[in-house]
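Counting from 1, the numbers follow the sequence of the chain as shown. No hydrogens, no waters, no symmetry mates; every other heavy atom, side chains included, goes into these values.
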Amino acid sequence: MRRVLLGLAISALGLGPAYGQAVKVDPATPAYQKVSGVSGNINSVGSDTMNNMMALWGETFQKMYPNVKIQIEGKGSTTAPPALIAGTSQFGPMSRAMKPTEIDQFEQKYGYKPTQIRTSYDALAVYVNKDNPSRS
């Protein structure tokens with residue numbers, strides 16, 4: 001399943017530039033090849049600002065593997081590390097970096113650090129009417 005999840009990240013996610021830098025991929029790396037017999041559940045618990053992207057990626061993955069059920073819960077970035085540590089999710093979308101204590105807890109449980117895949121920027125904007133006195 002780990003290999004399939006990596007394939008999801010590489011193929012279905014369509015990973016793009018991270019922090020303005022193009023991702024360099026070894027040209028000798030073979031393209032992801034669909035495998036047979038993939039079924040089960042993939043759970044994503046974390047940032048609600050990434051719900052739409054997670055849903056899009058999940059739909060793309062399900063086209064390739066229709067026997068996989070994907071569940072997405074957007075309850076905030078702080079819910080991702082506990083879900084990953086408890087093993088109740090395979091993906092923990094976050095709109096912030098993991099705290100050192102969260103990384104340590106994950107590593108203590110599994111014996112390796114969590115894998116971070118940067119996929120996008122999270123940005124907020126505030127719009128005000130031209131007559132709003134706070135514009136000055």
Provide the closest heavy-atom pair for Gln62 versus Val68 in the form atom of the first, atom of the second, distance. NE2-O, 2.7 Å
Is there a side-chain contact between Met53 and Thr119 in this structure, where contact means two heavy atoms from C-beta onward sitting under 4.5 Å apart? yes
Any side-chain heavy-atom pair from Met94 and Glu102 closer than 4.5 angstrom? yes
Indicate the atoms forming the closest heavy-atom contact of Ile70 with Gly58, along with that distance. CD1-O, 3.3 Å
When rounded to the nearest 0.5 Å, the distance separating CG of Asp48 from CD1 of Ile72 is 12.5 Å
Would you say the side chain of Tyr32 lies within less than 4.5 Å of the side chain of Met64, judging by non-hydrogen atoms? yes
Take atom CG in Asn52; do more than 12 heavy atoms of anything else shown fall under 6.0 Å from it? no
Beyond-backbone contact of Tyr65 with Val35, side-chain heavy atoms, under 4.5 angstrom: yes
Minimum side-chain heavy-atom gap Ser89-Ser44 below 4.5 Å: no
Straight-line distance of Lys63 NZ to Lys34 NZ, nearest 0.5 Å: 12.5 Å
Would you check if the side chain of Tyr110 reaches a backbone N or O of Ile85 as a donor-acceptor pair within less than 3.5 Å? yes
Do Met54 and Ile42 land in one hydrophobic cluster if side-chain heavy atoms of ILVMFWY residues count as linked below 4.5 Å? yes
If you take all heavy atoms of Asn51 and Gly74, which pair is closest and at what distance? OD1-CA, 3.3 Å
Closest heavy-atom contact between Ser77 and Pro81? O-CD, 3.3 Å
Heavy atoms of Ser95 and Thr49 approach each other most closely as CB-OG1, 3.9 Å
Drop me the distance from Thr115's OG1 to Leu84's CG, to the nearest 0.5 angstrom. 10.0 Å
State, to 0.1 Å, how close Gln90 and Asn43 come at their nearest heavy-atom pair, and which atoms those are. OE1-N, 2.6 Å
With a 3.5 Å distance limit and no angle check, can you tell me whether Ser47 reaches the backbone of Pro93 through a side-chain donor-acceptor pair? no
Let me check something: do Phe91 and Val38 share a hydrophobic cluster, defined by ILVMFWY side-chain heavy atoms less than 4.5 Å apart, either directly or through other members? yes
